[in-house]
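Read through the structure below, which is laid out as structure tokens, and then see the notes.
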Number of protein chains: 2
Amino acid sequence: MHTILKSNTKEVIIGIDRPFVIIGEKINPTGHKKLAAALTEGNFDYIRQLVERQVAWGADVLDINVGVPGLDEVAMIPKVVELVASLTDAPICLDSGNPEVLAAGLAAAPGKPLVNSVSGEEKRLEAVLPIVRERGAAVIGLTMDDQGIPKTAEERLAVAEKILERAARIGIPAEDVIIDPLVLTVGSDSKAALVTLQTIELLRKNFGVNVNLGASNVSFGLPDRLTVNQAFLALAMQAGATCSITDPIKLGATIKAADLLLGRDDYAMRFIKYFRQAESLRAKESG
Amino acid sequence: MHTILKSNTKEVIIGIDRPFVIIGEKINPTGHKKLAAALTEGNFDYIRQLVERQVAWGADVLDINVGVPGLDEVAMIPKVVELVASLTDAPICLDSGNPEVLAAGLAAAPGKPLVNSVSGEEKRLEAVLPIVRERGAAVIGLTMDDQGIPKTAEERLAVAEKILERAARIGIPAEDVIIDPLVLTVGSDSKAALVTLQTIELLRKNFGVNVNLGASNVSFGLPDRLTVNQAFLALAMQAGATCSITDPIKLGATIKAADLLLGRDDYAMRFIKYFRQAESLRAKESG
């Protein structure tokens, strides 16, 4: 099953037989004061840097979140979307909990964007799926519902099934729904990552859908988070995840290595190309 | 199934329900000129450093190889075994292709050592299994035979079965045979790692035996080998590998992270302890 995202000029295909897709996470002011200030001040130079740096480091798609308290997000998101679309041919992922912000972003986005996100919560299903359908976009479905995040893989699978059914009912095909099985921190629950990995395996086996992962929650509260996040991404890719909203600068090399190890990179050509590119970027950024 | 190795004072248990076991690889002069010279000169100070550093960085067992061209290995290995046993309570893994060297090492080693290795080759089965049996040791069985290293996971499984049968026939139980599925470099064959991962899964499913991995071959000839080796170890652990002959300094953190993610480290206590220990070692080694 292939999920196809598009800008005006480029197509990105997400699928288990394809290279893993990196959705750059850094245009998100949550816990990022400099970006929050830039958005509030309308300083687009800094956003431009974030776009260019992520694309240079291997982001295939760019996530855009403009959630700053007090900011008019509905007015802001089209501006940022247009800026990003003017700088890169990477497709766009619109990231908001507010359906009006998503709608405003969808109206401005070129090609076929991704919406982040819907969940099994009734209100979100009702508010988000119709605007996804109307725009012909794709959507990320989080495996949580009005009762919260289920503890077991089987229950998360059931939430995914509900989202897929509700999407199908209004005409969104399964290939345009990417399921995110969610992950809690292993610091407080030693089985947290296992449940997510099992959910990924069940999703692949039962529905064959694409699976997204937000890879950094897993290490919350722990030291040496990068090592944990790297190992988790490799494990999730083996289980069947096909894309991640993540930091290409920190995790790009691990993702290319796992693609190589999982047999998706003949003669290691993409791995070696990425290494050379990263080496030259490191030289430029430090020089 | 548990493989139990022993020194005079310590037991190390290898099993899928236990923390992954690190067999320190650094007492091996292959491609390591300084150690080759130290062995030739009988300079045991450098070997002492290698022992202490590996144990400090988390080696549970120590591999000992004294293969230097021109050196009398049969005379040398008991001396190094005795030195290592005097410095650490980590059990010993005797590493040689020469059965006489293995026998000399086994005679000197305390507790219950590990022998590295036998294979499906007739000559090696006939020469190595009896001395393993006589000493009550455990042994690593490589999935290659007189025809070389098989291309498919099923064929490697068949070689493992042959080794297990031949071991059982002379009284070595399956829990004392650790199978090494071998890995070739992904640089020349993009399916090389996949075949090894599939072999690990088949070994776990069919025989439930412990599985060892030499993790660094996989990246031979590639740049950024550490990233590839880290990702591969995580994938192999998920597939069911239970120990690795590897470098604890480079790969210890990834192994502890994968143990944590695979649900084998309640409250991340071992991961956090390892991080603190590594931090203090780094400070000491750089200061």
Side-chain angles (χ1 to χ4, degrees), chain A residues 183 185-198 200-201 215 218-239 251-279 282, chain B residues 183 185-198 200-201 215 218-239 251-279 282:
Chain A
V183 62
T185 170
V186 283
S188 56
D189 174 2
S190 68
K191 306 295 178 199
L194 267 188
V195 169
T196 301
L197 295 170
Q198 286 161 359
I200 296 173
E201 283 172 11
V218 73
S219 61
F220 188 78
L222 292 174
D224 194 8
R225 293 186 65 175
L226 181 59
T227 300
V228 179
N229 294 346
Q230 286 170 331
F232 186 59
L233 250 179
L235 299 183
M237 288 172 70
Q238 187 173 29
L251 291 162
T254 293
I255 288 168
K256 301 300 175 195
D259 265 342
L260 171 62
L261 293 165
L262 294 170
R264 300 179 199 146
D265 184 6
D266 287 347
Y267 307 103
M269 283 175 69
R270 281 185 293 106
F271 178 78
I272 292 168
K273 186 178 163 198
Y274 187 83
F275 170 77
R276 290 194 183 134
Q277 191 177 323
E279 216 178 21
R282 265 189 296 269
Chain B
V183 64
T185 171
V186 283
S188 57
D189 175 3
S190 68
K191 306 295 178 198
L194 267 188
V195 169
T196 301
L197 295 170
Q198 286 162 358
I200 296 174
E201 283 171 11
V218 74
S219 61
F220 188 79
L222 292 174
D224 195 7
R225 294 186 63 174
L226 181 59
T227 300
V228 179
N229 293 346
Q230 286 170 332
F232 186 59
L233 250 179
L235 299 182
M237 288 172 69
Q238 186 173 30
L251 291 163
T254 293
I255 289 168
K256 301 300 174 194
D259 265 342
L260 170 61
L261 293 165
L262 294 170
R264 300 178 197 146
D265 184 5
D266 286 349
Y267 307 104
M269 284 175 68
R270 280 185 295 107
F271 179 78
I272 292 168
K273 186 178 163 198
Y274 187 82
F275 171 76
R276 289 191 183 138
Q277 193 178 322
E279 215 179 22
R282 265 189 295 269

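Chain letters run A, B, ... following the sequence lines, proteins first, then strands; residues in each count from 1.
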For F232(A), is it the side chain, the backbone, both, or neither that has a heavy atom closer than 4.5 Å to a heavy atom of chain B?
both
Under 4.5 Å heavy-atom distance to chain A, tell me which part of L222(B) shows up: side chain, backbone, both or neither.
side chain
Most contact-rich option vs chain B, by heavy-atom pairs under 4.5 angstrom, among I272(A), V218(A), T227(A), is T227(A)
Pair count under 4.5 Å, heavy atoms only, with chain A: among P223(B), A278(B), A268(B), highest is P223(B)
Most contacts with chain B, counted as non-hydrogen pairs under 4.5 angstrom, among A193(A), A257(A), G263(A):
G263(A)
For residues 270-279 of chain B, which residue pairs qualify under salt bridge (charged side-chain N to carboxylate O under 4.0 Å, His left out), counting only residues two or more places apart or in two chains?
D259(B)-R270(B)
Are any of the side-chain heavy atoms of K256(A) and D224(B) separated by less than 4.5 Å?
no
According to side-chain contact (heavy atoms from CB on, under 4.5 Å), who are the partners of D189(B), at least two apart in sequence or on a separate chain?
K191(B), A192(B)
Which portion of V195(B) sits near chain A, non-hydrogen atoms under 4.5 angstrom:
neither
Any heavy-atom pair between the side chains of L261(B) and L197(A) that's under 4.5 Å?
no
Most chain A-contacting option - heavy-atom pairs closer than 4.5 Å, from D265(B), N229(B), V183(B), V186(B):
V186(B)
Taking the side chain as every heavy atom from C-beta outward, state whether F271(B) and V228(A) have any pair of such atoms under 4.5 Å apart.
yes
Region of D266(A) in contact with chain B, defined by heavy-atom distances below 4.5 Å
both
Top of S219(A), A231(A), S188(A) for chain B proximity - count of heavy-atom pairs under 4.5 angstrom:
A231(A)
